[in-house]
Amino acid sequence: YLSWSRHFRTMPGQGSLDVRGFLAAVAATGYDGHLSLEVFNDQFRAGSARQVAIDGRRSLLAAQDQLGLGQPLPPRAAPLGVEFVEFAVDDAGAAELEQLFAGLGFRHAGHHVTKEVDWWRQGAINLVINRERESFAQAFWHMHGPGVCALGLRMPDAKTALARAEALLAEPFRQPVPPGQLTLPAIRGVGGSLLYFTDETSELARVWQIEFKPEAPQGATAATLVAVDHVVQSLGGGELLSWLLFYGALFAMERRALQEIADPGGLIRSQVVETADGAVRIALNASESSRTLPGRFLSEFFGAGVQHIAFASTDIFASAAQIETAGVARLPVPENYYDDLEARFGLPLAFVDRLRAHALLYDRDEGGEYLQLYTLPFAERFFFEIVERRDAYRGFGAANAPVRLAMQARAVTEAL
């Protein structure tokens with residue numbers, strides 16, 4: 001305990017101690033003096049002094065807000081869903097990404113009224129391909145290559161979400177907007193990417209109708225992908241605590257217990273922040289090793305960012321058949337995985353054969369079942385997952401992670 005106390009203390013909101021309950025008890029005694037942070041943490045000493053200062057100030061502001069002390073902040077609200085995922089690419093990358101989206105069953109839904117930006121849609125999933133020159137997306141592309149430059153979160157009230165974020169020291173992002181187009185509230189997020197806010201109670205609810213020229217659907221492709229199930233952001237080893245505090249302070253999102261996942265190249269620390277209803281789930285993966293999957297991403301991408309986007313399917317077997325027909329390359333699964341699966345769960349052989357035929361992974365807990373498949377990485381950076389949650393399964397297939405990571409490491413080696 002002494003070693004933990006002297007080397008691993010964290011800011012309020014970063015650890016598991018009930019700081020709010022403790023401070024409420026202190027306040028009940030009538031104490032109204034100063035609060036300060038006693039930071040004994042080797043990671044903080046070795047990291048950015050500026051980031052530690054921001055985290056410390058943010059943690060105290062959030063703690064005061066929870067206790068109703070000081071100047072009240074705009075209320076902490078839960079995101080209602082992922083409004084969109086935006087990708088920064090060049091012209092060649094856009095053509096490849098569009099082909100991949102089409103293979104996954106997305107349809108081209110519209111082109112921006114003034115910019116080289118395209119909108120793809122399936123179910124409630126909106127994907128944006130941005131190749132506009134002289135834009136934030138192109139600056140992002142020049143720094144990182146193809147990747148996710150922005151996420152949009154649907155909030156109960158976008159202006160209130162922005163006001164709370166700014167009060168908690170998030171960096172706002174603003175850019176010139178032509179007449180007749182919308183200004184979406186935005187802040188800087190992981191790796192310098194953007195986090196936009198929309199809502200359903202203002203003009204922001206009509207962002208797709210105002211910003212894009214809609215395109216009539218071509219054909220009658222069945223939409224088996226219905227929503228963004230979760231987003232995975234890969235971080236440097238010293239960033240995990242900062243972003244846990246960021247999401248927990250700005251939004252009504254709670255975190256799950258930290259998990260350690262074995263990668264062939266080292267250990268990955270993974271922690272999920274999510275809304276109570278699961279409408280938004282963000283997994284934060286950090287690793288000290290440059291040989292793990294997050295480590296390789298950080299090297300290729302030149303920084304932290306979105307490495308992995310999971311789409312929820314209503315019928316993963318139909319989704320798998322669709323992408324197979326379209327020729328989308330999937331992550332292979334070793335044969336002995338299915339032998340082990342049959343032994344662990346006692347699954348019917350016919351069901352195991354269906355999983356094997358489509359390279360699907362499977363997990364089960366007391367709440368339900370979880371089926372997964374993965375695409376190969378796009379431009380050695382990000383990849384997609386398709387999942388089907390059955391009944392009340394709330395996990396992320398952690399038991400499958402070592403197998404998946406081993407196969408992804410093998411795929412990288414074979415590509416070289």
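Just so it is clear, the values below take in all heavy atoms, side chains as well, and ignore hydrogens, waters and symmetry mates. All figures in this text were calculated on a predicted structure; none of them were measured in a lab.
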Exercise for the section: Evaluate whether atom CD of Gln99 has more than 12 neighbouring non-hydrogen atoms of other residues, nucleotides or ligands under 6.0 angstrom away. Expected result: no
Minimal heavy-atom distance between Asp199 and Ser202, with the atoms involved, is OD1-OG, 2.6 Å
Enumerate donor-acceptor pairs with a distance under 3.5 Å from any side-chain N or O in residues 58-66 to protein atoms, sequence neighbours excluded.
{"residue": "Arg58", "atom": "NE", "partner": "Leu168", "partner atom": "O", "Å": "2.7"}
{"residue": "Arg58", "atom": "NH2", "partner": "Leu168", "partner atom": "O", "Å": "3.2"}
{"residue": "Arg58", "atom": "NH2", "partner": "Leu169", "partner atom": "O", "Å": "3.4"}
{"residue": "Ser59", "atom": "OG", "partner": "Asp55", "partner atom": "O", "Å": "3.4"}
{"residue": "Ser59", "atom": "OG", "partner": "Gly56", "partner atom": "O", "Å": "2.7"}
{"residue": "Asp65", "atom": "OD2", "partner": "Arg164", "partner atom": "NH1", "Å": "3.0"}
{"residue": "Asp65", "atom": "OD2", "partner": "Arg164", "partner atom": "NH2", "Å": "3.3"}

- Query: According to the interplanar angle, ranging from 0 to 90°, do the rings of Phe212 and His112 count as parallel (below 30°), tilted (30 to 60°) or perpendicular (above 60°)?
  - Reply: perpendicular
Under a 4.0 Å N-O cut-off, is there an ion pair linking Arg330 with Glu324?
yes
request  = Check whether any side-chain heavy atom of Leu405 lies under 4.5 Å from a side-chain heavy atom of Pro264, and answer yes or no.
outcome  = yes
Less than 4.5 Å apart, any side-chain heavy atom of Val272 and any of His230? no
Side chain of Arg364, backbone of Phe345: donor and acceptor closer than 3.5 Å?
-> yes
Note to self: Checking Glu83 against Tyr196 for the side-chain contact (heavy atoms from CB on, under 4.5 Å) test, could you report, in this order, the C-alpha distance in whole Å, the side-chain angles of both residues, the deciding distance, and whether it holds?
What the structure shows: CA-CA 9 Å; Glu83 182 71 51; Tyr196 286 102; over 6 Å; no
Closest non-hydrogen atoms of Ala249 and Arg76, given as atom of the first, atom of the second and distance, are O-CD, 4.0 Å
Return yes if some donor-acceptor pair links the side-chain N/O of Gln322 with the main-chain N/O of Thr224 below 3.5 Å, else return no. no
inquiry  = Whether the side chain of Asn336 engages the backbone of Asp339 through a donor-acceptor N/O pair (distance < 3.5 Å, no angle test) should be reported.
reply    = no
Stepwise, does the side-chain contact (heavy atoms from CB on, under 4.5 Å) test hold for Gln14 with Leu244? CA-CA 6 Å; Gln14 291 181 329; Leu244 285 171; 5.7 Å; no
Interatomic distance, CD@Gln271 vs CD@Glu260, rounded to 0.5 Å, equals 11.0 Å
Heavy-atom count check: over 12 atoms from other residues, nucleotides or ligands less than 6.0 Å from Phe351 CZ? yes
If we only count heavy atoms from C-beta on, is the Pro332 to Met407 side-chain gap below 4.5 Å?
yes
Check this for me: does any side-chain nitrogen of one of Glu166 and Arg174 sit under 4.0 Å from a carboxylate oxygen of the other? yes
Testing the 3.5 Å rule here: is there a donor-acceptor pair between the side chains of Asn41 and Arg9? no
Show me the side-chain donor-acceptor pairs of residues 386-403 shorter than 3.5 Å, one per line, residues at least two apart or across chains.
{"residue": "Glu388", "atom": "OE1", "partner": "Ile316", "partner atom": "N", "Å": "2.9"}
{"residue": "Glu388", "atom": "OE2", "partner": "Arg390", "partner atom": "NE", "Å": "3.1"}
{"residue": "Arg389", "atom": "NE", "partner": "Asp229", "partner atom": "OD1", "Å": "2.7"}
{"residue": "Arg389", "atom": "NE", "partner": "Asp229", "partner atom": "OD2", "Å": "3.4"}
{"residue": "Arg389", "atom": "NH1", "partner": "Tyr393", "partner atom": "O", "Å": "3.3"}
{"residue": "Arg389", "atom": "NH1", "partner": "Gly395", "partner atom": "O", "Å": "2.8"}
{"residue": "Arg389", "atom": "NH2", "partner": "Asp229", "partner atom": "OD2", "Å": "2.9"}
{"residue": "Arg389", "atom": "NH2", "partner": "Gly395", "partner atom": "O", "Å": "3.2"}
{"residue": "Tyr393", "atom": "OH", "partner": "Asp363", "partner atom": "OD2", "Å": "2.6"}
{"residue": "Tyr393", "atom": "OH", "partner": "Gly397", "partner atom": "N", "Å": "3.0"}
{"residue": "Arg394", "atom": "NH2", "partner": "Glu274", "partner atom": "OE2", "Å": "2.8"}
{"residue": "Asn400", "atom": "OD1", "partner": "Tyr337", "partner atom": "OH", "Å": "2.8"}
{"residue": "Asn400", "atom": "ND2", "partner": "Tyr362", "partner atom": "O", "Å": "3.1"}
{"residue": "Asn400", "atom": "ND2", "partner": "Gln372", "partner atom": "OE1", "Å": "2.8"}

What do the steps show when you test Val85 against Leu151 for side-chain contact (heavy atoms from CB on, under 4.5 Å), and what is the final call?
CA-CA 5 Å; Val85 182; Leu151 292 173; 3.9 Å; yes
With distance as the sole test, does Arg381 use its side chain to make a donor-acceptor pair with the main-chain N or O of Ala379 at under 3.5 Å?
yes
Is the shortest side-chain heavy-atom distance between Met155 and Thr160 below 4.5 Å? no
For this session: Side-chain contact test, heavy atoms from C-beta onward, threshold under 4.5 Å: evaluate it for Arg269 versus Gln259 and give yes or no.
Result: no
For this session: Answer whether the closest heavy-atom distance between the side chains of Phe140 and Asn130 falls below 4.5 Å.
Result: no
Taken to the nearest 0.5 Å, the spacing of Ile282 CD1 from Phe251 CZ works out to 7.5 Å
In terms of heavy-atom contacts, His108 and Asp118 come closest through NE2-OD1, 2.6 Å
Can you list, pair by pair, the side-chain donor-acceptor contacts under 3.5 Å of residues 297-309, counting residues two or more places apart and other chains?
{"residue": "Gln307", "atom": "OE1", "partner": "Ser234", "partner atom": "OG", "Å": "2.5"}
{"residue": "Gln307", "atom": "NE2", "partner": "Leu293", "partner atom": "O", "Å": "3.3"}
{"residue": "His308", "atom": "NE2", "partner": "Glu385", "partner atom": "OE1", "Å": "2.6"}

**Message:** Quick check on Gln175: does its CD atom have over 12 non-hydrogen neighbours (other residues, nucleotides or ligands) under 6.0 Å away?
**Reply:** yes
Min side-chain heavy-atom separation Leu284-Gln233 under 4.5 Å = yes
Minimal heavy-atom distance between Val273 and Arg255, with the atoms involved, is CG1-CB, 3.7 Å
By side chain to side chain donor-acceptor pair (under 3.5 Å), Arg50 pairs with (sequence neighbours left out) none
Looking only at atom types and distance, does a side-chain atom of Ser287 sit under 3.5 Å from a main-chain N or O of Pro294, one as donor and one as acceptor?
no
Compare all side-chain heavy atoms of Val207 with those of Leu204 and state whether any distance is below 4.5 angstrom. no
To the nearest 0.5 Å, atom CZ of Phe44 lies from atom OG1 of Thr10 at 6.0 Å
What do the steps show when you test Phe317 against Arg354 for side-chain contact (heavy atoms from CB on, under 4.5 Å), and what is the final call?
CA-CA 8 Å; Phe317 290 104; Arg354 287 189 76 193; 3.2 Å; yes
The reported gap from CD in Glu86 to SG in Cys149 (rounded to nearest 0.5 angstrom) is 4.0 Å
When Phe106, Phe101, Tyr374 are each screened for ring pair (Phe, Tyr, Trp, His ring centres under 6.0 Å) with Phe311, the one that passes is Phe106
Between Phe87 and Phe378, is the gap from one ring center to the other below 6.0 Å? no
To the nearest 0.5 Å, atom OH of Tyr338 lies from atom CG of Leu355 at 6.5 Å
When Leu373, Val352, Val333 are each screened for side-chain contact (heavy atoms from CB on, under 4.5 Å) with Leu360, the one that passes is Leu373
Quick note, ring pair (Phe, Tyr, Trp, His ring centres under 6.0 Å) partners involving residues 157-194, not counting sequence neighbours, are Phe136-Phe173
Taken to the nearest 0.5 Å, the spacing of Glu98 CD from Arg131 CZ works out to 6.5 Å
Shortest non-hydrogen pair, Val280 vs Pro79, comes out as CG2-CB, 3.7 Å
Side-chain donor-acceptor pairs of residues 180-194 under 3.5 Å, sequence neighbours excluded:
{"residue": "Gln181", "atom": "NE2", "partner": "Thr114", "partner atom": "OG1", "Å": "2.9"}
{"residue": "Arg188", "atom": "NH1", "partner": "Gly192", "partner atom": "O", "Å": "3.2"}
{"residue": "Ser193", "atom": "OG", "partner": "Val190", "partner atom": "O", "Å": "2.7"}

What one should report as the nearest heavy-atom pair of Ala359 and Leu331 is CB-O, 4.0 Å
